[in-house]
Amino acid sequence: MGAESGGVAVSIRDLTKQYPGAPTPAVRNLSLDVAAGEVVALVGPSGCGKTTTLKMINRLIEPTSGTIQVLGRDQAELPVHELRRAIGYVIQQIGLFPHRTVAANVGVVPGLLGWPKARIAERVAELLALVGLPADAGSRYPSELSGGQQQRVGVARALAADPPILLMDEPYSAVDPLVRARLQDDLLALQAQVGKTIVIVTHDIDEAIKLGDRVAILAEGGVLAQYDTPDELLRAPADEFVAAFLGRERSLRRLGLRRVGEVRSEPAATVAVRATTAEALGAAEGMGARWVLVIDGDAEPVGLVAVADLRHHSRSGAAGRTVGEGLEPDRRPPVVDSTWPLREVLDAVLRSGSGGALVDDASPARCVITLDALAEALR
Amino acid sequence: MSVLGQVALVGDVWRYLTATSSWGGDRGLGALVRAHLWISLVSTVAAVGLAVPPAVWLAHRRRLPLLSVALVNVGRAVPSFAIVAFVFPLSIRYGFGLGFWPTCVALVALGVPPIFTNTYAGVAGVAPDVVEAARGVGMTDRQVLAGVELPLALPLILTGLRLSAVQITATATLGAFVGYECLGTPILQGLARGVAGRPQLVGGALLVIAAALATDAVIGRIIPRVVRWPSGLR
């Protein structure tokens with residue numbers, strides 16, 4: 001994405017917010033860079049100052065001290081309403097204007113910027129399509145839409161004037177989990193098209209890991225505990241607090257981040273169920289494979305056998321037995337493709353009890369991912 | 001009064017209200033209805049002008065929230081007749097004459113509290129997330145007020161206006177006591193004439209009721225034409 005090309009989009013330096021009357025600052029000496037085109041998730045327990053930080057970027061909250069540069073300019077130099085028109089803003093409660101139609105809601109920033117009416121109408125239609133709303137939604141009022149649709153309108157409104165930066169404050173915490181998952185997927189798909197710099201606040205570590213190219217974990221009192229890629233966070237949490245916040249299933253979550261296509265699968269020798277152990281060993285050794293995929297008469301995979309096991313059988317005098325006889329029933333290896341997250345592969349492998357999964361890709365050689373390979377991916 | 005007497009009264013009131021002679025002329029019912037509606041209209045417009053701007057500004061700044069509650073209570077407690085009686089000598093002394101202005105002052109005082117309170121509640125009651133979103137998309141302070149807070153407060157403001165207008169129309173009757181010829185006049189004259197004046201008294205009262213109900217109905221018709229979004233207001 002644009003991380004390499006565009007440089008730093010938001011640069012936060014020594015940012016502190018002390019609310020009058022509060023014993024401790026809400027945000028303390030925070031420094032953070034967000035690269036252009038990157039999605040950064042601010043996550044932490046309540047009271048960690050993540051929303052305060054976000055709102056200081058578009059100056060809905062004024063910092064006590066410190067600076068924020070937006071696209072290389074000190075944001076305090078701009079008139080505040082101009083700054084905000086250049087930054088998309090999506091909030092949890094959505095905050096659509098109930099007295100204006102969906103089209104008028106989406107077109108509000110272009111309207112403030114003085115775009116001609118025809119261009120606004122064109123842009124609104126484009127955005128409704130982009131966020132997956134029917135074209136006739138434009139003439140309805142927000143209260144006539146479902147919660148998920150309203151959230152889409154909120155995103156469309158934020159994107160209307162094509163701002164380079166998008167701020168999202170717990171955008172999906174008010175919708176039910178199914179809708180939330182779909183909206184998150186939609187955001188990722190949308191981001192692949194629009195390539196914005198997005199800062200998203202969430203209290204949900206799974207959401208942060210799913211959406212963020214990088215995740216900033218804030219501890220209570222607005223102290224930055226760790227700022228890293230999700231994989232690196234999960235691999236090496238900086239301290240006890242981060243580890244506790246990430247939870248006990250760190251390895252599983254890491255597997256969730258990676259896909260089959262990103263790890264090394266290994267070729268397996270393919271033999272029929274009627275082949276003898278000696279024949280199977282020969283085929284495997286001929287191509288240097290560590291695994292043998294057993295297929296039935298319809299070329300369907302029915303089992304996965306380690307070459308080491310075959311050698312063991314061979315030495316113990318069962319070289320003439322067919323591989324089919326050695327297989328336990330109902331241990332068909334699952335077939336996965338390169339888009340599967342490794343976490344789902346692991347789940348399928350464990351359910352099948354086969355010790356590995358067959359990767360269904362275009363290559364003529366049959367390749368497998370084994371439990372060893374999954375463990376290796378976590379190193 | 002006997003049942004027969006009541007039946008007779010209904011007939012007499014009917015004859016009074018339908019006689020051409022009752023309605024014609026400078027001091028007939030037609031002129032009185034017009035004068036009654038005129039002072040009600042002027043007073044309502046003045047009440048809106050006096051109540052809405054300060055209420056909007058105070059609510060926008062979220063200042064003096066208790067004032068709006070206090071004002072409506074005081075407004076309910078002060079008798080309009082006392083205001084008329086109080087303003088009457090002042091109006092004469094300062095050359096505003098009798099009749100119209102003392103009545104108008106009392107009616108405006110009656111009309112301000114509901115409009116003020118509803119306007120304040122309407123503006124202050126706009127959902128905070130909507131206001132935050134408005135600021136977040138880059139509206140200036142004035143744009144937030146004019147483009148978001150005021151339109152969203154409009155249903156409540158109009159409800160307050162409706163309440164005030166109906167009360168003002170019913171209370172404008174008082175004008176007759178200080179020489180403003182309106183629908184209070186036949187009531188007062190009827191009262192002075194004793195039993196013989198009863199048809200006039202009851203007829204005048206019925207016309208006041210009709211004027212107030214008509215005011216309510218007309219404003220009720222106008223509101224949905226002004227508030228077109230689904231506000232929960234019928």
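None of the values given here were measured: they were computed from a predicted structure. Quick note on labels: first sequence line is chain A, next is B, and so on, each numbered from 1.
Remark: B:Arg221 CZ is loosely packed, at most 12 non-hydrogen atoms of other residues, nucleotides or ligands lying under 6.0 Å away. Taking a 6.0 Å sphere around CZ of A:Arg13, one finds it holds more than 12 heavy atoms contributed by other residues, nucleotides or ligands. No more than 12 heavy atoms of other residues, nucleotides or ligands shown are found within 6.0 angstrom of CH2 on B:Trp38.
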- Query: Would B:Asp141 and A:His81 count as a side chain to side chain contact (heavy atoms under 4.5 Å, CB included) if you check the C-alpha gap in whole Å, the side-chain angles of each, and the deciding distance to 0.1 Å?
  - Reply: CA-CA 9 Å; B:Asp141 197 51; A:His81 58 271; over 6 Å; no
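Between B:Pro230 and A:Ser143 the shortest heavy-atom distance is CG-OG, 3.3 Å. Closest of all the heavy-atom pairs between A:Lys55 and B:Glu132 is NZ-OE1, 3.1 Å. The two residues B:Leu152 and A:Pro98 come nearest to each other via the heavy atoms CD2-CG, 3.5 Å.
Listed options B:Pro151, B:Gly136, B:Ala133 were ranked by heavy-atom pairs under 4.5 angstrom with chain A; first place goes to B:Gly136.
Looking at A:Arg157, only its side chain comes within 4.5 Å of chain B, counting heavy atoms on both sides. At a 4.5 Å heavy-atom cutoff, A:Leu83 makes no contact with chain B through either its backbone or its side chain. Contacts of A:Glu144 with chain B are made by side-chain atoms alone, with heavy-atom separations under 4.5 Å and no backbone atom involved.
Taking CG of B:Asp129 as the start and CG of A:Leu96 as the end, the distance is 9.0 Å to the nearest 0.5 Å.
You'll find the side chain of A:Val80 stays beyond 4.5 Å of the side chain of B:Arg135, heavy atoms only.
In terms of modelled atom types and a separation under 3.5 Å, the side chain of A:Arg84 and the main chain of B:Val137 share no donor-acceptor contact. With hydrogens and angles ignored, the 3.5 Å screen pairs a side-chain donor or acceptor of A:His99 with a backbone N or O of B:Gly147.
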